[in-house]
Asks: 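Take a look at the following structure, please.
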There are 2 protein chains.
Amino acid sequence: MSIQRQTLREQIETEIMERVGAGDFDMGSAINEVALSVELGVSRTPLREALISLTQQGVIDRESGKGFRWAPVSAADFAEMVQIIAALESLAVSLTAPEALAKIAPELLAQARGFTDSIGSSAELDLHDDQFHELLLSGNPNRRLAESIASMKLALRRYERLLVSSTDLIERSASEHEAIATALLAGDVPAAVAALSANWNNGTNRLIEVAEAKRPA
Amino acid sequence: MSIQRQTLREQIETEIMERVGAGDFDMGSAINEVALSVELGVSRTPLREALISLTQQGVIDRESGKGFRWAPVSAADFAEMVQIIAALESLAVSLTAPEALAKIAPELLAQARGFTDSIGSSAELDLHDDQFHELLLSGNPNRRLAESIASMKLALRRYERLLVSSTDLIERSASEHEAIATALLAGDVPAAVAALSANWNNGTNRLIEVAEAKRPA
DNA sequence: CCCCTTTCTCCTGTATACAGTATACTGCAT
DNA sequence: ATGCAGTATACTGTATACAGGAGAAAGGGG
């Protein structure tokens, strides 16, 4: 393995996204470029370039004379992104060769069944979920589609910390994944796509439940 | 109307996209930042920021130590983008309230019928096409989806100059639009979505035909 | 007492300067 | 003649410096 030669801008991007996922920033508030550059130990130039990059991904908002601002989070925003990702992943599965889907179906099923036992923390759940979807999309021939999905999922990480682990969530997620895998095993792609959409939309419901449980009126 | 206060970066972005649409740049070739900055009469900083922005939209590629490069164009790339846009626009129509669709259906039909007569140049065709799709998506409640579609369509402009006007293209496009509108008038949203996808996919075929006609073996 | 105006301060937007790296060219050795 | 090495050049990546505008605060007028 060759040593990683990453540009500073890329490192800043990933660092910012890590902190965003960890909830380090106050979403909706303005970004002070100099303060953030000092905090990260870099100059403003690569920082601004990273911020512009993240702006295109919807993590950051920008207003003409007022600079950058952390994009506000909301259940509606989450729901909007989930709708888009569900459609894009459905397209990806539909574009994948049926033989390729049949080939990965057994492993998908095994992953889904191994879900409940091996999961402890929230991070592990996310990891497992990512791996499942990654495998599911591995046969997609549309390169640009894969990029779009990855980009949109990155933006979703802002909501990671809200979707904390609970045994209930894990069991539901596992059963939904199993439904996708069994449909693919049977060669029923439309059913698999429907189950996939259901999985994503249930994610919206889960978030709303959690958000309301945290903020009692 | 207030005078437009646009940041230099935004002006550069639009200027570059105009030139890209006009075919001024050699797609696939490397970008010399200083040369381009001199040509545009700006400094490298806002230019680089514009290039980074366009990179996220797929118009430009970037390699770690080698800087920026115009993303190569290909029929496959065009087809990939069209697949994505078709899915996203389909989603947008599906998410729109049926009453809203019924409301705009007559105007859509009128626009589609007025197509053949009023069109002269290729630019006019594009404009009409844009207006039709804009109206079609006007009732979509998913803001982020609208942004994604707009961004992806911007990237499509690289192929504008290839899809030159021809009466054949205009007539086909008009009839496809009419199919969408009539389906919506009948309240049949799934049929409209199907017609919409067909419209986009035919666009792919049109491009391939044109490309092959231009480059005879 | 409140509102409007004016000034001042801070921050963004842009330009320029510097450093590091990739590539091309030239010269030497085989 | 060809291939390798060393150097030179040119371009990207990063830092810093400067200018202009937006927002806040203070002072004056109604």
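A quick note: this is a predicted structure, and the numbers were derived from the prediction, not measured. Chain A is the first sequence line, chain B the second, and so forth, proteins listed ahead of strands; every chain is numbered from 1. Values below: every heavy atom of this structure, side chains too, minus hydrogens, waters and symmetry copies.
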Asks: Just how far, in rounded Å, is P of D:dA19 from CG of B:L8?
Replies: 17 Å
Asks: Nearest of C:dC11, D:dG13, C:dT14 to any side-chain atom of B:R9?
Replies: C:dT14
Asks: In whole angstroms, how far is the P atom of C:dT12 from the CD atom of B:E10?
Replies: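 It is 16 Å, rounded to the nearest whole Å.
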Asks: What's the CD-P distance between A:Q6 and D:dG13, to the nearest Å?
Replies: 13 Å
Asks: Can you work out whether B:G65 or A:S43 has the more 5'-proximal nearest nucleotide on DNA chain D?
Replies: B:G65
Asks: Tell me the side-chain hydrogen bond (donor to acceptor under 3.5 Å, both in side chains) pairs involving residues 92-110 of chain A, sequence neighbours left out?
Replies: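 As it turns out, there is no side-chain hydrogen bond (donor to acceptor under 3.5 Å, both in side chains) pair with a partner in residues 92-110 of chain A once direct neighbours are skipped.
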Asks: Looking at the side chain of B:R44, which of D:dC11, C:dT12, D:dG13 is the nearest nucleotide?
Replies: D:dG13
Asks: Whole Å only: how far is the CG atom of B:L51 from the P atom of D:dT12?
Replies: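 Spelled out: CG on B:L51 to P on D:dT12 is 10 Å.
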Asks: Taking only the side-chain nitrogens and oxygens of A:T7, find out if one of them lies under 4.0 Å from OP1 or OP2 of D:dT14.
Replies: yes
Asks: If you compare every side-chain N and O of A:K66 against the phosphate oxygens of C:dG13 (OP1, OP2), does one of them come in below 4.0 Å?
Replies: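 Looking at the OP1 and OP2 atoms of C:dG13, neither is under 4.0 Å from any side-chain N or O of A:K66.
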Asks: Among residues at least two apart in sequence or on other chains, which ones pass side-chain contact (heavy atoms from CB on, under 4.5 Å) with A:A155?
Replies: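 A:A155 satisfies side-chain contact (heavy atoms from CB on, under 4.5 Å) with A:V59, A:M81 only.
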Asks: What's the closest nucleotide to the side chain of A:R48 if the choices are D:dC11, D:dG13, C:dG13?
Replies: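 When the side chain of A:R48 is considered, C:dG13 is the closest of D:dC11, D:dG13, C:dG13.
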Asks: Could you tell me how far apart B:E33 (CD) and D:dC11 (P) are, to the nearest whole angstrom?
Replies: 10 Å
Asks: Hey, does A:L47 reach any base, or is it just sugar-phosphate, or nothing, if we go heavy atoms under 4.0 Å?
Replies: nothing
Asks: Please evaluate residues B:V82 and B:N201 with respect to the criterion side chain to side chain contact (heavy atoms under 4.5 Å, CB included), reporting the C-alpha separation (whole Å), side-chain torsions for both, the decisive distance (0.1 Å), and the verdict.
Replies: CA-CA 7 Å; B:V82 163; B:N201 289 324; 4.2 Å; yes
Asks: For a quick test of reading the model: is some side-chain N or O of B:T45 closer than 4.0 Å to OP1 or OP2 of C:dG13?
Replies: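 Indeed not, no polar side-chain atom of B:T45 lies that close.
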Asks: Is the distance between the ring centroids of A:H177 and A:H128 less than 6.0 Å?
Replies: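 Not under 6.0 Å, so no.
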Asks: Using whole Å, what does the distance between atom P of nucleotide C:dT12 and atom CZ of A:R62 come to?
Replies: 14 Å
Asks: How many whole angstroms separate atom CD1 of A:I52 from atom C1' of C:dT14?
Replies: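 Distance check: A:I52 CD1 to C:dT14 C1' gives 12 Å.
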Asks: Taking any heavy-atom pair under 4.0 Å as a contact, classify A:I31: base, sugar-phosphate, or nothing.
Replies: sugar-phosphate
Asks: When the ring planes of A:F25 and A:W70 are compared, do they come out parallel, tilted or perpendicular, using 30° and 60° as the limits?
Replies: parallel
Asks: Could you please name the option among D:dC11, D:dT14, C:dG13 that lies closest to any side-chain atom of B:N32?
Replies: D:dC11
Asks: Side chain of A:V34 only, heavy atoms from C-beta on: which candidate in C:dT12, D:dA15, C:dT14 is closest?
Replies: C:dT12
Asks: What's the CZ-P distance between B:R69 and D:dC11, to the nearest Å?
Replies: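 Atom CZ in B:R69 sits about 14 Å away from atom P in D:dC11.
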